[in-house]
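Below is one structure, written out as structure tokens; the observations come after it.
None of the values given here were measured: they were computed from a predicted structure.
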Amino acid sequence: MALEVELHVHLDGAIKPETILYYGKQRGVSLPANTVEGLKDIIGMDKPLSLPEFLEKFNYYMPAIAGSREAIKRIAYEFVEMKAQEGVVYVEVRYSPHLLANSKVNPIPWGQKEGDVTPSDVVFLVNQGLKEGERDFKVKVRSILCCMRHMPEWSLEVVELCKKYRDQGVVAIDLAGDETITDSSLFPGHLQAYQEAVKSGIHRTVHAGEVGPPKVVKQAVEDLKTERLGHGYHTIEDPVLYNKLLAENMHFEVCPWSSYLTGAWKANTEHAVVRFRRDNANYSINTDDQLIFKSTIDTDYHMLRDLMDFTEDEFKRLNIKSAESSFLPENEKKELLDLLHKAYAM
């Protein structure tokens, strides 16, 4: 597939192993391996684990990157390079500013000592790296800031950072992390942040229905007023909710290979994306966390083509849908759609 649009990929899950090793050595942070292959074997996954086990993987390498201005900017720049090599023309990349900071964040993540990189500094640095990457690699990039389910006390600052940097490439707010935390969508910090996002015209997406029940999706839609769903596979278990979202053209950010490795999808069952295709739903194909899943966007497309009989025509349709559901302003969205229509000869 040439010229893809990607809407669901985590910056901190798409770092080059070489870069982790470089900053681990430079900053004296001990890593579980000292070669690229060794690191890939420990951080990477080849067979399904649970979502919490997957989330544990970040503990291995985030201390090498978090709290370093140079490292934060560099992973953003290299991310754009990675996407250019994959043939992606537009990408929305997401991350938690707090998980890369070491100052004015409580608790300070990854056991770091207190430093001088605040969540606001993180957003500034990522924006710089992405902007330079855009210039050098000719890929259009925007970013999404994540609230974390287990840390509702960070969320109001996240929405304020979305407002502060909205003219510098930040297009939306997200809620990420462990959705098995009961009713975490309804924690007051998250609710208030999303209410403020609605009021301020900040776009909204939410991780929901990946491993959690349809109830989590319902909360994302009704209480958090989400415009897109991160994953959303388990929505189909509630036919009333699913049909309502189909009618409303809700966008599902599907991550096929990820869903296999996190156990969100059981390989002996029909994948929700097959149902989405059958129902002509509005969805995109995304990598989620390439470092951990040892993947590129091609991995996901091959999986759908080889195992689920997806056609080139469906890939074109879903990429058009992705562009339509992007958080770009209307004039830029039109440019992107024109580019795709031309490339797809549609």
Side-chain angles (χ1 to χ4, degrees), residues 4 6-46 54-97 99-102 109-110 112 117 122-123 125-144 146 169 176 255 257-258 261 286-302:
E4 298 109 353
E6 186 170 10
L7 302 179
H8 189 119
V9 52
H10 294 262
L11 178 62
D12 48 5
I15 303 172
K16 287 164 69 172
E18 294 85 346
T19 304
I20 294 166
L21 290 170
Y22 174 82
Y23 286 107
K25 192 172 175 186
Q26 197 195 47
R27 302 175 72 202
V29 173
S30 68
L31 291 164
N34 56 10
T35 65
V36 167
E37 285 314 311
L39 204 56
K40 277 183 181 168
D41 284 345
I42 291 167
I43 296 172
M45 290 168 61
D46 296 302
F54 151 71
L55 293 170
E56 280 292 302
K57 297 280 187 181
F58 291 88
N59 296 326
Y60 286 125
Y61 66 88
M62 283 295 280
I65 304 295
S68 160
R69 286 184 153 75
E70 187 189 304
I72 293 164
K73 185 178 167 183
R74 177 164 156 186
I75 63 168
Y77 180 80
E78 289 179 344
F79 172 80
V80 190
E81 182 181 24
M82 205 185 295
K83 288 296 145 189
Q85 289 164 352
E86 292 175 27
V88 172
V89 287
Y90 174 68
V91 58
E92 289 175 5
V93 63
R94 60 187 74 193
Y95 62 96
S96 159
L99 290 180
L100 284 163
N102 62 9
W110 319 114
Q112 299 174 87
V117 180
V122 169
V123 182
L125 291 159
V126 170
N127 289 348
Q128 275 192 317
L130 295 178
K131 202 166 246 58
E132 289 174 21
E134 270 195 307
R135 178 197 68 205
D136 293 351
F137 305 114
K138 309 292 179 269
V139 177
K140 195 178 184 81
V141 190
R142 297 293 179 265
S143 56
I144 296 173
C146 298
C255 308
W257 183 236
S258 158
L261 288 175
N286 310 277
T287 53
D288 205 8
D289 295 277
Q290 301 176 233
L291 167 66
I292 298 173
F293 302 138
K294 301 186 187 175
S295 66
T296 68
I297 193 90
D298 284 347
T299 312
D300 293 276
Y301 279 89
H302 280 299

Step-by-step side chain to side chain contact (heavy atoms under 4.5 Å, CB included) determination, Asp300 to Asn286: CA-CA 7 Å; Asp300 293 276; Asn286 310 277; over 6 Å; no
Kindly give the heavy-atom pair with the smallest separation between [X] and [Y], and that separation in Å.
X: Phe137; Y: Val80; value: CD1-C, 4.1 Å
X: Ser143; Y: Leu130; value: CB-CD1, 4.0 Å
X: Phe79; Y: Ala14; value: CD1-CB, 3.9 Å
X: Glu18; Y: Val36; value: CG-CG2, 3.7 Å
X: Cys146; Y: Pro97; value: O-CD, 4.0 Å
X: Ile42; Y: Lys57; value: O-NZ, 2.9 Å

Note, [X] side chain near [Y] side chain (heavy atom, < 4.5 Å):
X: Lys294; Y: Asp41; result: yes
X: Val93; Y: Val141; result: yes
X: Glu81; Y: Gln85; result: yes

To the nearest 0.5 Å, what is the distance between [atom1] ([X]) and [atom2] ([Y])?
X: Leu261; Y: Met45; atom1: CG; atom2: CE; answer: 4.5 Å
X: Trp257; Y: Asp288; atom1: CH2; atom2: CG; answer: 13.0 Å
X: Ile20; Y: Ile15; atom1: CD1; atom2: CD1; answer: 5.0 Å
X: Asn34; Y: Leu39; atom1: CG; atom2: CG; answer: 9.0 Å
X: Leu291; Y: Lys16; atom1: CG; atom2: NZ; answer: 12.0 Å
X: Leu55; Y: Asp289; atom1: CG; atom2: CG; answer: 8.5 Å

Aromatic plane relationship, Phe54 with Phe293 - under 30° parallel, 30 to 60° tilted, over 60° perpendicular: parallel
Whether Tyr61 and Phe58 hold their rings parallel, tilted or perpendicular, with breakpoints at 30° and 60°: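 Tilted, since the angle between the ring planes falls between 30° and 60°.
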Verdict with supporting geometry, Asp12 and Ile65, side chain to side chain contact (heavy atoms under 4.5 Å, CB included): CA-CA 9 Å; Asp12 48 5; Ile65 304 295; over 6 Å; no
Taking [Y]'s backbone N and O only, do any of them form a donor-acceptor pair with [X]'s side chain (distance below 3.5 Å, no angle check)?
X: Thr299; Y: Thr296; answer: yes
X: Gln112; Y: Pro109; answer: yes
X: Thr287; Y: Gln290; answer: no

Arg74 with Glu70: basic N within carboxylate O range, under 4.0 Å: no
Arg142 with Glu134: basic N within carboxylate O range, under 4.0 Å: yes
Check against side chain to side chain contact (heavy atoms under 4.5 Å, CB included), Trp110 and Leu99: CA-CA 8 Å; Trp110 319 114; Leu99 290 180; 4.2 Å; yes
Side chain to side chain contact (heavy atoms under 4.5 Å, CB included) partner of Tyr95, chosen from Leu100, Ile72, Val9: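 When side chain to side chain contact (heavy atoms under 4.5 Å, CB included) is applied between Tyr95 and each of Leu100, Ile72, Val9, only Leu100 qualifies.
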Partner of Val91 under side chain to side chain contact (heavy atoms under 4.5 Å, CB included), chosen from Glu4, Glu6, Glu86: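 Of Glu4, Glu6, Glu86, side chain to side chain contact (heavy atoms under 4.5 Å, CB included) with Val91 is met by Glu6 alone.
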Tyr60 atom OH: more than 12 heavy-atom contacts under 6.0 Å: no
